[in-house]
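Below: the structure, in structure tokens.
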Amino acid sequence: MLDFDEIARGSTRRQFLGRSTSGIGVMALASLLNRDLFAGTTDGRQSLGALPELHFAPKAKRVIYLFMSGGPSQIDLFDPKPVLKQRTNEELPDSVRNGQRITGMTSGQSQLLMVGASHPFKTYGQNNVELSELIPHLGEIVDDVAIIRSMHTDPINHDPAVTFLLTGNQQPGRPTLGSWVSYGLGSENQNLPEYVILLSGGGGQPLLSRYWGNGFLPSKYQGVSLRSTGDPVLYVSNPEGIDPTVRRQLLDGVQELNKIRLDTVGDPEIAARINSYEMAYRMQTSVPELMDIAKEPKEVVEMYGATPGQASFANNCLLARRLVERDVRFVQLYHRDWDHHSNLPVELKRQCDATDKPAAALVKDLKRLGLLDETLVIWGGEFGRTTYSQGKITADSFGRDHHPRCFTMWMAGGGIKGGQVIGKTDDFAYNIVEEPVHAHDLQATVLRCLGVDHTRLTFRSQGRDFRLTDVSGKVVEKLLA
């Protein structure tokens with residue numbers, strides 16, 4: 001049996017004075033146990049996180065980010081270009097490329113031959129928005145969606161592009177968007193993490209855990225990945241022979257030691273550890289209930305195309321709705337295998353068949369439940385695809401290389417004005433000609449929907465104040481409702 005009084009008596013005089021004067025540990029622990037004490041204002045701008053209060057009245061309280069890893073082809077899905085169809089197999093004019101860099105995968109080709117969309121486009125919605133016939137379910141909700149055809153970014157390869165879009169910098173080590181939101185706004189649900197990751201798809205580019213990492217922020221703000229099979233979270237279940245009562249007794253002993261150490265040194269990481277242990281204990285009951293989508297009405301499960309007990313993007317979309325319904329702040333779904341350097345017509349259809357229906361169902365379901373107005377939904381990858389083909393063009397097959405100069409994303413819900421298309425690219429879908437939206441602009445706009453000024457959400461590390469948007473970024477006012 002541990003003698004906690006003896007441990008406490010073993011503290012040095014310097015440690016005692018440090019505990020009694022700093023108060024850091026006491027405040028950190030109190031903020032974990034009673035978040036209402038730190039909630040700030042009550043006029044809609046209250047914050048449960050590091051911000052004393054939000055800078056604006058928020059339109060969105062939560063975010064669901066549907067990240068399509070690999071770079072979906074905007075030319076084949078969102079940005080119709082009849083000229084490309086007419087000029088398929090012709091060389092891309094030098095005046096269009098204008099010496100811009102391309103990847104090593106196509107720089108050695110003798111020709112850069114243009115190729116039109118793999119499937120026909122149709123018009124949808126009140127404004128006759130043109131979308132590929134591969135995504136008819138998105139067409140059903142297009143009046144609730146803002147489509148950005150003029151996204152652009154800096155990196156040309158996958159890992160730096162994903163890192164840049166999610167952290168604001170190409171180099172690893174900075175917090176992701178979800179971590180910044182969790183840090184600034186805090187959590188409204190003490191039984192589930194404020195930042196949750198769900199994975200689906202196979203092949204394509206690897207998904208690195210730092211894509212939902214906390215960087216230099218305290219570790220409590222990193223994303224928690226929920227698994228689709230087996231235990232949703234590793235090591236949360238009780239070991240064989242340990243029941244909840246014994247687990248609680250063991251945890252109490254460990255937490256007492258952690259609290260003593262927190263009082264001694266005031267290290268925020270110890271507070272994060274205390275919080276994570278308590279969260280893990282509460283998740284033993286909250287997570288299994290959350291993951292059981294079989295409890296949903298049959299018609300809802302069918303609307304998503306979900307199958308209880310099987311891992312899929314459809315299941316994850318339904319889980320995302322269940323998470324935000326429980327006030328989880330930031331949910332990010334990663335779906336792999338959009339990197340179509342070859343066999344694009346077949347592979348693109350396969351991904352659209354897996355993702356179009358559930359993504360649209362998510363927006364419909366949120367709207368049905370009255371949650372869409374407070375939930376920001378984002379869809380997109382790290383960059384787009386090239387006008388020209390990678391490799392040979394045949395009657396039923398071709399590929400496309402990476403293209404950061406222009407690509408498409410869509411947004412819906414909290415703070416976003418739906419039924420509009422923002423931005424325009426040239427006839428070759430190679431350069432932006434109207435309303436460019438940079439990756440930093442997207443980040444600034446997401447934070448604005450949540451009531452945050454992106455220039456004022458900062459964290460001091462290594463002697464300087466960092467922010468998500470680095471030193472640039474502007475809110476896209478046209479997107480806002």
Inspect the contact between R385 and D76 and indicate whether a charged nitrogen and a carboxylate oxygen are less than 4.0 angstrom apart. no

Tell me if a side-chain donor or acceptor on N431 pairs with a main-chain N or O of V96 at a distance below 3.5 Å. yes

In terms of side-chain geometry, is the basic nitrogen of E435 or K424 positioned less than 4.0 Å from the acidic oxygen of its partner? no

Begin with the C-alpha distance, continue with both residues' side-chain angles, and end with the deciding distance and a verdict on side-chain contact (heavy atoms from CB on, under 4.5 Å) for V142 and I147. CA-CA 8 Å; V142 73; I147 296 173; 4.1 Å; yes

Before accepting this row, confirm whether a basic side-chain N of the pair D159/R210 lies closer than 4.0 Å to the acidic partner's carboxylate O. yes

Please confirm whether Y430 and H403 have ring centers closer than 6.0 angstrom. yes

What do the steps show when you test I378 against W410 for side-chain contact (heavy atoms from CB on, under 4.5 Å), and what is the final call? CA-CA 6 Å; I378 310 166; W410 62 259; over 6 Å; no

For the residue pair H440 and H438, categorise the inter-ring angle as parallel (less than 30°), tilted (30 to 60°) or perpendicular (more than 60°). tilted

Correct closest heavy-atom pair for G463 and R460 would be O-NH1, 2.9 Å

Using a 4.5 Å cut-off on heavy atoms from C-beta on, say whether the side chain of L226 contacts that of L199. no

Determine whether L54 and Q46 make a side-chain contact, defined as any pair of heavy atoms from C-beta on separated by less than 4.5 Å. no

Distance under 6.0 Å and angle within 45° of ring axis: R464 vs F466: yes

Within the distance-only criterion (no hydrogens, no angle test), does the side chain of R326 pair as donor or acceptor with the backbone N or O of N189 below 3.5 angstrom? no

Quick one: does N127's side chain have a donor or acceptor within less than 3.5 Å of a partner on V129's backbone? no

Are the side chains of T153 and E382 in touch, meaning some heavy atoms are under 4.5 Å apart? no

Distance flag, aromatic centroids of H402 and F407, threshold under 6.0 Å: no

As a quick check of understanding, evaluate side-chain hydrogen bond (donor to acceptor under 3.5 Å, both in side chains) for R336 and Q205, giving each step before the final call. CA-CA 7 Å; R336 298 172 63 182; Q205 297 300 311; over 6 Å; no

What's the spacing between L323 CG and R329 CZ if we round to 0.5 Å? 13.5 Å

Heavy-atom side-chain proximity of S150 to T425 below 4.5 angstrom: no

For A412 and L372, which heavy atoms make the closest approach, and how far apart are they? C-CD1, 4.5 Å

I'd like to know if the side chain of H152 and the backbone of A439 have a donor-acceptor N/O pair within less than 3.5 Å. no

Would you say T455 and T469 make side-chain contact, with heavy atoms under 4.5 Å? no

So do L376 and R62 actually touch side chain to side chain, heavy atoms under 4.5 Å? no

Using the rule ring pair (Phe, Tyr, Trp, His ring centres under 6.0 Å), only one of F78, F67, Y65 pairs with W379; which is it? F78

Sidechain-backbone polar pair: Q420 side chain, K478 backbone, donor-acceptor under 3.5 Å: yes

Do the side chains of L290 and L192 get nearer than 4.5 Å, heavy atoms only? yes

Please assess N316 against H335 for the test side-chain hydrogen bond (donor to acceptor under 3.5 Å, both in side chains), listing each intermediate value before the final yes or no. CA-CA 10 Å; N316 286 350; H335 186 77; over 6 Å; no

T408 side chain vs Q74 backbone, donor-acceptor pair below 3.5 Å: no

Are Y195 and V328 close enough that some pair of their side-chain heavy atoms sits under 4.5 Å apart? no

With sequence neighbours excluded, what pairs up with E188 under the side chain to side chain donor-acceptor pair (under 3.5 Å) test? none

Taking every heavy atom of V437 against every heavy atom of L442, the minimum-distance pair comes out as CG1-N, 4.3 Å

When you measure from the side chain of T458 to the backbone N and O of R467, does any donor-acceptor pair fall under 3.5 Å? no

Smallest separation among heavy atoms of A320 and L198, with atom names: N-CD1, 4.2 Å

May I ask you to decide if E194's main-chain N or O and Y221's side chain share a donor-acceptor pair within less than 3.5 Å? no

Check whether S132 reaches the backbone of I135 with its side chain - one donor and one acceptor, N or O, closer than 3.5 Å. no

Salt bridge or not for D365 and R322, using N-O below 4.0 Å? no

Taking everything shown except K417 itself, do over 12 heavy atoms lie less than 6.0 Å from its NZ? no

Closest heavy-atom contact between L318 and A306? CD2-CB, 4.4 Å

Do side-chain atoms of T264 reach the backbone of I260 as a donor and acceptor pair under 3.5 angstrom? yes

Could you check S219 against N214 for side-chain hydrogen bond (donor to acceptor under 3.5 Å, both in side chains), going step by step and ending with a plain yes or no? CA-CA 6 Å; S219 57; N214 57 294; 5.4 Å; no

Would you sort out whether R350 and D337 count as a salt bridge (Lys or Arg N to Asp or Glu O under 4.0 Å), showing the intermediate values? CA-CA 10 Å; R350 184 167 66 89; D337 210 10; 2.7 Å; yes

How long is the span from the OG atom in S342 to the CE atom in M105, to the nearest 0.5 Å? 11.5 Å

Between Q332 and V196, does a side-chain contact (heavy atoms from CB on, under 4.5 Å) hold up when you go through it step by step? CA-CA 6 Å; Q332 189 149 18; V196 172; over 6 Å; no

Nearest 0.5 Å please: distance from the CE atom of M411 over to the CD1 atom of I416. 4.0 Å

Exercise: do R400 and Q390 side chains pair donor with acceptor under 3.5 Å: no

Using every non-hydrogen atom in the two residues, find where V476 and T445 come nearest and quote the distance to one decimal. N-OG1, 2.9 Å

NZ/NE/NH1/NH2 to OD/OE distance under 4.0 Å, K367 and D144: yes

